[in-house]
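Heavy-atom basis, side chains included; hydrogens, waters and symmetry copies ignored. All ligand and atom numbering here is 1-based and tracks the order in the structure. All values reported here derive from a predicted model rather than from experimental measurement. Sequence positions, counted from 1, serve as the residue numbers for this chain.
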Amino acid sequence: MSTVNGVCHHDCPDSCGWTVTVEGGVATKLRGNPDHPYSYGELCPKVNRFLDRVYSPDRILHPLRRVGAKGSGPFERISWDAALAEIGARLNSIIGEHGGEAVMPFSDAGNQSILATQGISDRFFNHIGATQLLRNICGPTVGAGVSMTNGSSLCADPLDLEHSRLILLWGTNTRLTNRHLWPVIERARASGARLVVIDPIRTLTADEADQFVQPLPGTDVAMMLAMMHVIISERLTDADWIAEHTFGFDELADHVAEWTPERASGECGVDADVIRALAREYATTRPAAIRTLIGAEHHEHGAMFYRTLACLPALTGAWRDRGGGLMRSVGSWQDRLVDGAALSRPDLLDGRVPRTLNMSRLGEILLDEQPPVRAMIVWNSNPLVIVPNAEKARLGMARDDLFTVVHEQFLTDTAKYADIVLPATTHIEADDVTPSWGHLWMGWNEAAIEPLGEAVNNSECFRRIARAMGLTEPLLYDDDMSVLKAALPTVDLDAMRRDGWVKVPFPADGRPWADGGFATQSGKVEFVSARLERDGHPALPTYTASGEGPASPRADRFPLQLMTPKHHTRFLNSGYSHLPKHGPAEGAPFVELDAADAAARGLGEGDCARVFNDRAALELPVRISRRLRPGVAAIPWGWWRHQHPDGMVANSLTNDTLTDWGGGVAFSDTLVQIERA
Ligand SMILES: Nc1nc2c(c(=O)[nH]1)N[C@H]1C(S)=C(S)[C@@H](COP(=O)(O)OP(=O)(O)OC[C@H]3O[C@@H](n4cnc5c(=O)[nH]c(N)nc54)[C@H](O)[C@@H]3O)O[C@H]1N2
Ligand SMILES: Nc1nc2c(c(=O)[nH]1)N[C@H]1C(S)=C(S)[C@@H](COP(=O)(O)OP(=O)(O)OC[C@H]3O[C@@H](n4cnc5c(=O)[nH]c(N)nc54)[C@H](O)[C@@H]3O)O[C@H]1N2
Ligand code: SF4
Ligand SMILES: [Mo]
């Protein structure tokens, strides 16, 4: 019997430490590692049963070839040699006839470790001159928004919330999505901090707050401008800090003069007095922290949300304090340890500049893009459940002339559309380094068991595909340890392996910008941004209603705003809904709406409703909810097609308009109508 330490690889901010007990080559227990400096031995309702996933009878353990129609299900087992022979021949012939750009990668952060996301794969696609994928479905828009104010996407350390006396959780559902940060918040509250949650949904985090503020989806910028109005007009600003470390204050003051709380209230639906009181409390409490994560970027004006949010701490000098300022993903601090070029080797492009396509437009890419994408290699992602406008993506993946390879652990909705499916290891079957975007420890993950069946990790998968194509570039065949060493030039990997993690450098006093030093052109926080103006955006923080919102012409036919949020404690994105101890425990898909909206449609609890717009129609049981404002509906997201009564998914309905900048997507600016089915 032995125990082996690793780090959870899921696309979750917590990157918890785990310990695997191995008996006779079989993992018999997986528990939280009590020594982990952030998760202290706790995992979560998904990963507490991780071994159910590893040893699931539904795991793909051998290469498969599709024998029925795309999406229909039947596959036959084939050997790796046969699979690679077919993949090599098909890719070479497509590239020979149409060039490298006819091949497109599709991946996300299903395993967010370094080898799993970029080891060999980036080099492979660069070398063949493939279409580049813009992977901006989660997070980059937050960074792009904050950068326009602060000059970089770096923010404060969320663990410093412990020192805060006022915490605004603004567009983040901590208790569901970032559960190991919750004890830190509770410690701050035990020392007197007040907690305010700002979210269009009364989430389980909102239920535990001292105050819950519920704006209509996509309207927060109006509320932020009104808070600035109050802070400036009541002289609650930190004038010294503003004078030294900000640019454009006078213009901002003029600009927000007209944004009275009453005017903002008309947009966001929050009482003017509530906005006023929140602004006063925020400006007069120290340290005051704003903690945000990802969910609020999923709007047409998602980047403007974060650009505007980042102005608030600069007005009040909140950056002066440990536990003050803005906290978001700490991924950008972790990235500083990674030599991205050594990992992906852009020099392998050899002067070519292939087109870049945005992953959120998968349907449009596969159906309309010219010259067409003729081959797609998918790993670390389940696009047919997770991209917006998913029905369009499904039609694209059904194209007969598209050659698709999916490297997966399970026969997901996406894998069912593959020509060839290749078996992927789980995280206890391969070594890797796993960064975190929720804390400052980068973790070593030691393989606990041998790969099951014929599964291989992602880097090995790409080495095999390269070999099958006859590629001779030596960089495509570097072993995993060489890739990690190149990627982490300043990290002592042996020490990391021995200790389990290294801490990423971060200012010791927890006050990265107490004395300014912002990375903007002016070196200051930019209330006015020449850069934004140059790019065709408003130079000042500006509220614009969504093109698919209640004020848009579309609302005549589709009057309800649809949210499709993360909701299930046992799911991680679309992962786990298919496992027997996870999915059924969460029930089944439903549509949630306010009692008044339901009554107006003659709908009661449990009735079957038709939820539709011009992208798709879904039939779902109704749940009457007190979590939503009238005019807002929700279909919790993460279920697969076969789990929905009509073979659709929540994302069949969602909006694939890209965000103002940052390359994100407006999932949560989706209008629908609901009627009795
Ligand atoms: N259990 C569980 N944990 C997870 C995940 C999971 O699927 N399940 N997924 C992981 C991933 S990939 C990510 S990116 C993180 C995301 O972590 P979070 O960003 O914390 O989670 P989300 O639920 O995406 O969004 C947070 C909140 O933003 C709100 N929101 C949406 N629009 C607006 C708006 O206009 N204004 C305001 N104020 N709020 C808005 C949503 O209602 C939601 O409650 O969670 C990670 N953790
Ligand atoms: N409506 C709606 N849509 C959303 C969101 C939302 O809140 N609402 N959230 C968005 C966000 S924030 C995100 S991050 C995306 C998530 O989108 P995805 O990352 O595509 O989500 P997952 O469902 O976690 O899919 C990951 C897949 O990777 C596989 N996998 C895990 N480990 C490995 C590995 O080591 N190798 C290989 N080859 N495969 C592996 C898993 O089996 C799983 O099927 O979804 C986005 N879509
Ligand atoms: S999914 Fe998140 S909370 Fe659960 S064990 Fe992994 S890192 Fe921790
Ligand atoms: Mo995400």
Side-chain angles (χ1 to χ4, degrees), residues 6-18 30-33 36 38-39 42-50 108-110 112 135-140 142 168-182 197-206 212-224 268 270 290-302 305-306 309 328-329 331 381 386 427 434 436-439 443 546 549 561 563-577 582 586 627-628 632 634 636-638 664 666-669:
V7 170
C8 181
H9 62 297
H10 280 308
D11 189 2
C12 166
D14 290 357
S15 299
C16 300
W18 68 32
L30 185 145
R31 298 280 183 271
N33 176 355
H36 191 272
Y38 176 73
S39 58
E42 201 218 27
L43 297 173
C44 69
K46 318 166 261 297
V47 172
N48 283 335
R49 288 186 171 277
F50 192 69
D108 195 36
Q112 60 175 334
R135 295 177 175 84
N136 283 20
I137 211 164
C138 170
V142 182
L168 309 188
L169 294 180
W170 204 321
T172 180
N173 188 1
T174 311
R175 290 182 67 222
L176 181 80
T177 60
N178 183 195
R179 57 185 282 130
H180 295 85
L181 189 64
W182 186 251
V197 168
I198 305 171
D199 199 304
I201 304 180
R202 180 182 284 277
T203 59
L204 74 167
T205 309
F212 172 47
V213 178
Q214 191 170 28
L216 287 162
T219 63
D220 303 62
V221 169
M223 187 163 115
M224 295 170 199
C268 67
V270 175
I290 299 175
R291 164 64 172 171
T292 189
L293 220 46
I294 310 289
E297 83 168 29
H298 293 147
H299 293 275
E300 196 181 321
H301 303 287
F305 175 105
Y306 295 98
L309 192 64
R328 60 168 295 253
S329 157
S381 182
I386 68 99
H427 204 46
T434 310
S436 164
W437 42 284
H439 58 72
S546 162
Q561 285 182 277
M563 310 287 288
T564 48
K566 300 167 178 80
H567 172 78
H568 305 291
T569 55
R570 294 174 189 80
F571 296 179
L572 196 280
N573 299 333
S574 88
Y576 293 100
S577 65
H582 291 78
E586 297 286 0
R627 303 199 315 145
L628 302 169
V632 182
W637 162 80
F667 289 108
S668 302
D669 286 343

Hey, are the side chains of [X] and [Y] touching, using non-hydrogen atoms and a 4.5 Å cut-off?
{"X": "Leu43", "Y": "Leu30", "value": "yes"}
{"X": "Ser381", "Y": "Ile386", "value": "yes"}
{"X": "Lys566", "Y": "Trp637", "value": "yes"}
{"X": "Ser329", "Y": "Val142", "value": "no"}

Taking all atoms of both residues into account, what is the closest heavy-atom pair of [X] and [Y], and its distance?
{"X": "Asp199", "Y": "Gly171", "result": "OD2-CA, 4.5 Å"}
{"X": "Gly218", "Y": "His299", "result": "N-CE1, 3.5 Å"}
{"X": "Cys12", "Y": "Leu572", "result": "CB-CD2, 4.2 Å"}
{"X": "Phe212", "Y": "Ala206", "result": "CD1-CB, 3.5 Å"}
{"X": "Ile294", "Y": "Cys138", "result": "CG2-SG, 4.0 Å"}
{"X": "Leu309", "Y": "Met224", "result": "N-SD, 3.5 Å"}

Qualifying residue, where the test is side chain to side chain donor-acceptor pair (under 3.5 Å) with Tyr576 and the options are His10, Arg570, Glu586: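 Only one of His10, Arg570, Glu586 forms a side chain to side chain donor-acceptor pair (under 3.5 Å) with Tyr576, namely His10.
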How far is [atom] from the closest protein heavy atom, and which atom is that?
{"atom": "atom 5 (C) of ligand 1", "value": "Leu572 CD2, 3.4 Å"}
{"atom": "atom 26 (C) of ligand 1", "value": "Gly171 O, 3.4 Å"}
{"atom": "atom 9 (N) of ligand 1", "value": "Asn573 OD1, 3.2 Å"}
{"atom": "atom 33 (C) of ligand 1", "value": "His299 NE2, 3.5 Å"}
{"atom": "atom 40 (C) of ligand 1", "value": "Pro200 CD, 3.3 Å"}
{"atom": "atom 21 (O) of ligand 1", "value": "Thr177 CG2, 3.4 Å"}

Geometry only, no angles: is [X] polar-contacting ligand 1 at N/O separations under 3.5 Å?
{"X": "Thr172", "value": "yes"}
{"X": "Trp437", "value": "no"}
{"X": "Leu293", "value": "no"}
{"X": "Lys566", "value": "yes"}
{"X": "Asn173", "value": "yes"}
{"X": "Ile201", "value": "no"}
{"X": "Gly295", "value": "yes"}

With heavy atoms of [X] as the reference, note each atom of ligand 1 found under 4.0 Å away.
{"X": "Asp11", "value": "10 (C), 11 (C), 12 (S), 46 (C)"}
{"X": "Trp170", "value": "38 (N)"}
{"X": "Gly218", "value": "34 (C), 35 (O)"}
{"X": "Leu176", "value": "1 (N), 2 (C), 3 (N)"}
{"X": "Pro217", "value": "35 (O)"}
{"X": "Met563", "value": "31 (C), 32 (N), 42 (O)"}
{"X": "Thr203", "value": "44 (O)"}
{"X": "Phe571", "value": "1 (N), 2 (C), 6 (C), 7 (O), 8 (N)"}

Side chain, backbone, both or neither: which part of [X] has a heavy atom under 4.0 Å from ligand 1?
{"X": "Lys46", "answer": "side chain"}
{"X": "Tyr576", "answer": "neither"}
{"X": "Asp220", "answer": "side chain"}
{"X": "His568", "answer": "backbone"}

How many protein atoms of type N/O/S are positioned less than 2.8 Å from atom 6 (Fe) of ligand 3?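 Total protein N/O/S atoms under 2.8 Å from atom 6 (Fe) of ligand 3: 1.
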Among Val213, Leu628, Val632, Asp199, which residue places a heavy atom closest to atom 42 (O) of ligand 1?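 Going through Val213, Leu628, Val632, Asp199 one by one, Asp199 has the nearest heavy atom to atom 42 (O) of ligand 1.
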Starting at [atom1] of [X], measure out to [atom2] of [Y] and round the result to the nearest 0.5 Å.
{"X": "Leu204", "Y": "Leu176", "atom1": "CG", "atom2": "CG", "value": "6.0 Å"}
{"X": "Ser574", "Y": "Asp108", "atom1": "OG", "atom2": "CG", "value": "10.5 Å"}
{"X": "Ser577", "Y": "Lys46", "atom1": "OG", "atom2": "NZ", "value": "13.5 Å"}

Taking the non-hydrogen atoms of [X], is any one of them nearer than 4.0 angstrom to ligand 1?
{"X": "Arg570", "result": "no"}
{"X": "Phe667", "result": "no"}
{"X": "Pro13", "result": "yes"}
{"X": "Cys138", "result": "yes"}

For this output row, return yes or no: ring centroids of His36 and His180 closer than 6.0 angstrom.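 Aromatic pair excluded; centres sit 6.0 Å or further apart.
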Donor-acceptor pair, side chain of Gln214 and main chain of Arg627, under 3.5 angstrom: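 Answer holds: yes.
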Considering residues at least two apart in sequence or located in another chain, which fulfil the side chain to side chain contact (heavy atoms under 4.5 Å, CB included) criterion with Thr174?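 Per chain and number, Thr174 pairs via side chain to side chain contact (heavy atoms under 4.5 Å, CB included) with Leu169, Thr172, Asn178, Leu181, Trp182, Ile185, Thr205.
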Go through the structure and list residues passing side chain to side chain contact (heavy atoms under 4.5 Å, CB included) with Asn136, not counting sequence neighbours.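 Per chain and number, Asn136 pairs via side chain to side chain contact (heavy atoms under 4.5 Å, CB included) with Leu134, Pro140.
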May I ask whether His180 has any heavy atom positioned less than 4.0 angstrom from an atom of ligand 3?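 Checking ligand 3 against His180, which is what was asked, there is a heavy-atom contact under 4.0 Å.
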Qualifying residues under ring pair (Phe, Tyr, Trp, His ring centres under 6.0 Å), relative to Phe667, sequence neighbours excluded: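 By the ring pair (Phe, Tyr, Trp, His ring centres under 6.0 Å) rule, Phe667 matches His298.
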Quick one: sort the Tyr38 and His439 rings into parallel, tilted or perpendicular, breaks at 30° and 60°.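 Answer is tilted, since the angle falls between 30° and 60°.
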I'd like to know if the side chain of His427 pairs up with that of Thr434 as donor and acceptor (distance under 3.5 Å, no hydrogens or angles considered).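 His427 vs Thr434: donor-acceptor pair found between side chains.
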